[in-house]
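Some notes on the structure that comes next.
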Amino acid sequence: MNILDKAIKFSKVNNKWIIIFLVISIPRYLYIIFNHNLLPDSYFYLTIARNISDGCGFASNYLPGDCEPLVGGYFPGYPYFIYLVKSLGFGNKVIPLIVSFCTTISLLYFISTLNRLGLEGKRLYFYSFFIGLSPISIGFSRFILIEPIIYIFSITLITELIKIISNPKDFKAIFKRFIVLSILAIYFKPTSFVLLLPIIFSVLILFGLEKFIKYSIIFSLIISFSILPWGLRDIKYGAIIPFKVNSSMAPKNVKGFAKWVSSFSLTEYDYALSMFPLIAHNNGDRKKVKLIVSQNPFINNKDEDYKQAREILDKENPEIKRGFTKQEENEFLEMAKERFKKNGFLGNIFLFVIKSTGVLLNPLNSWGWPASIGVDASYHNLNISQIIKSLFKLFLFTYRVFIFSLFFKNLLNFLRLFNPYKLLSKNNKRLFQDNIFLISSLLVLSLNLIMYIGIFGFLEHRYFYQIMPWIEVSVLLGLNNFRNLKSYPLVKNNIS
């Protein structure tokens, strides 16, 4: 091959990646530039960054110069990232633009990895644009929120998992990158640990129990020592235990009320009306709490606990505007205990399923897009704006139904081949190895649902923004048969 031929080939390769980069990045940049970038949580992070800049350190107080440290609930990664961007003289708009650029780079890392595994031609472009222009991935990218950052970690960890599956001999190098990614992800958001578990799971499936135990211990020790300084900081500033779930900025004694609300709330809309008036950092007021129980099969306004809750919320208590007294918290905890008991085992399972389905598939959710429709929206006289927004919501809903339908279809196909009577058989072992990514995606989805909805009682679909690429990539690999990629391992490789 002469120099001219090499130059032409090099130009074609580079043109391919330039086209992919531009098609993925430009729509995101335009979307961010021409849309609003702030939500209530955005002001919270911006305030912490301002306090860092003013010399107050990691503090969330809204009054300048008020330097009471923020303890528990939050890790420092995102506020310090904002502080760094601001210290360079950039405005708010640049923050999501930088995050979007990093998102594009992570997507190119993912696509180039599949390209090296044999993904070429039209399939390469299809993968690139399907994932890179996913309507779910773009929506929240315009906001100054932590979720778009965690989305980057999701894509990168997906890529590292694919590298482990396709070439286990490189595990040691991959594991080192995985450790760095893990520390960074946790320092941005501690619940990101859920995204890390598929890598550990892959060690068990590919290399056996001995290696799984060894690398799980190594991983746990490194992560524990890495986050220990932040836990010691919590104790230094008055926390009884490190890494508290509720921060010092949370409403006082809100645990009981949140638990009680979780015993009957069905959608994130009734959850928001119940919880957001308390969570609001600068103007929270428990008297603004609305308990929506009409047509709720788990509670009604004639129930004693509802009446008791309403009395507590309406009680004059100027000392605690955003929260509750310790006695009131205990009352709510007892009410929650009785409510869950009244629901029964099957009722609580049904409640969890309704919540999970609603968070992921509620047709009214906009997933970050500017497609909100007010309760008083009018469709008379051909209100084009409302019609377009409704059609777009329908598109988002249809897309999610399509993706999850294919995902669960693949799971059913896996279960049909799985033999529960011969758990340790070679066929089952091979089946798990061939479906590591599918099972890993189910693991990420299930643990997020259990953690956010089952344990914390949160009902916000943006908390599931970063798990959607796991579902989308799993569906893509299933459609195109990942085993046909040339480097996919057919036998287990050993590492030391």
Side-chain angles (χ1 to χ4, degrees), residues 32 36-100 102 140-153 183-193 226-239 241-252 254 275-284 321-323 368 456 458 460 462-463 465-466:
I32 292 168
H36 182 65
N37 307 115
L38 299 175
L39 286 176
D41 279 4
S42 305
Y43 293 104
F44 175 69
Y45 293 120
L46 289 167
T47 298
I48 299 176
R50 182 205 66 197
N51 288 335
I52 295 170
S53 180
D54 291 345
C56 282
F58 196 79
S60 60
N61 302 79
Y62 281 82
L63 293 176
D66 192 350
C67 296
E68 183 180 347
L70 175 62
V71 179
Y74 299 92
F75 270 51
Y78 192 51
Y80 272 95
F81 166 73
I82 294 175
Y83 159 72
L84 178 62
V85 175
K86 290 280 196 175
S87 66
L88 295 174
F90 295 115
N92 290 343
K93 185 74 71 173
V94 175
I95 296 169
L97 286 173
I98 292 175
V99 173
S100 184
C102 294
F140 281 107
S141 66
R142 65 182 169 125
F143 291 118
I144 297 177
L145 289 175
I146 202 167
E147 280 72 25
I149 292 276
I150 308 305
Y151 184 91
I152 296 170
F153 285 111
I183 295 170
L184 288 173
I186 289 174
Y187 262 94
F188 271 90
K189 190 173 185 179
T191 53
S192 299
F193 79 90
S226 298
I227 65 174
L228 180 61
W230 195 250
L232 294 176
R233 175 198 173 272
D234 285 352
I235 294 176
K236 176 184 176 181
Y237 288 117
I241 57 172
F243 313 122
K244 285 180 58 180
V245 174
N246 291 326
S247 74
S248 55
M249 280 294 292
K252 288 186 178 181
V254 75
M275 295 301 302
F276 286 7
L278 292 171
I279 296 172
H281 296 287
N282 57 346
N283 61 353
K321 193 175 182 181
R322 286 183 62 227
F456 297 150
F458 296 159
E460 293 183 64
R462 69 182 173 99
Y463 292 143
Y465 171 70
Q466 60 267 22

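As the structure is a prediction and not an experimental result, all values here were calculated from the model.
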Mind telling me whether Phe58 and Tyr80 have parallel, tilted or perpendicular rings, with 30° and 60° as the class edges? parallel
NZ/Lys252: more than 12 non-hydrogen atoms of other groups inside 6.0 Å: no
I need the minimum non-hydrogen distance between Gly323 and Pro251, along with the two atoms involved. CA-CB, 4.1 Å
Would you say CD of Glu460 has more than 12 non-hydrogen atoms from neighbouring residues, nucleotides or ligands within 6.0 angstrom? yes
Tell me whether Ser87 contacts the main-chain N or O of Tyr83 through its side chain, where contact means a donor paired with an acceptor under 3.5 Å. yes
Determine the minimum heavy-atom distance between His36 and Phe143, stating which atoms define it. O-CE2, 3.9 Å
Within the 4.5 Å heavy-atom criterion, are Arg462 and Asp41 side-chain neighbours or not? yes
Does any non-hydrogen side-chain atom of Glu147 lie less than 4.5 Å from one of Phe140? no
For Lys236, does the NZ atom have more than 12 heavy-atom neighbours from other residues, nucleotides or ligands under 6.0 Å away? no
Which atom pair, heavy atoms only, marks the closest approach of Ser60 to Thr47? O-CG2, 3.7 Å
Side-chain contact test, heavy atoms from C-beta onward, threshold under 4.5 Å: evaluate it for Cys67 versus Asn61 and give yes or no. no
Gln466 vs Ile152 side-chain heavy atoms within contact, under 4.5 Å: no
Tyr78: which of Tyr45, Phe44, Tyr187 passes ring-ring contact (aromatic ring centres under 6.0 Å, His included): Tyr45
Would you call the rings of Phe153 and Phe188 parallel, tilted or perpendicular, taking 30° and 60° as the class edges? tilted
Yes or no on side chain to side chain contact (heavy atoms under 4.5 Å, CB included) for Ile144 and Ile95, after CA distance, side-chain angles and deciding distance? CA-CA 7 Å; Ile144 297 177; Ile95 296 169; 4.1 Å; yes
Closest non-hydrogen atom pair, Ser192 against Ala185: OG-O, 3.5 Å
Below 30° counts as parallel, above 60° as perpendicular, anything between as tilted: where do the rings of Trp230 and Phe75 land? tilted
Flag, side chain of Asn37 to backbone of Ile32, donor-acceptor distance under 3.5 Å: yes
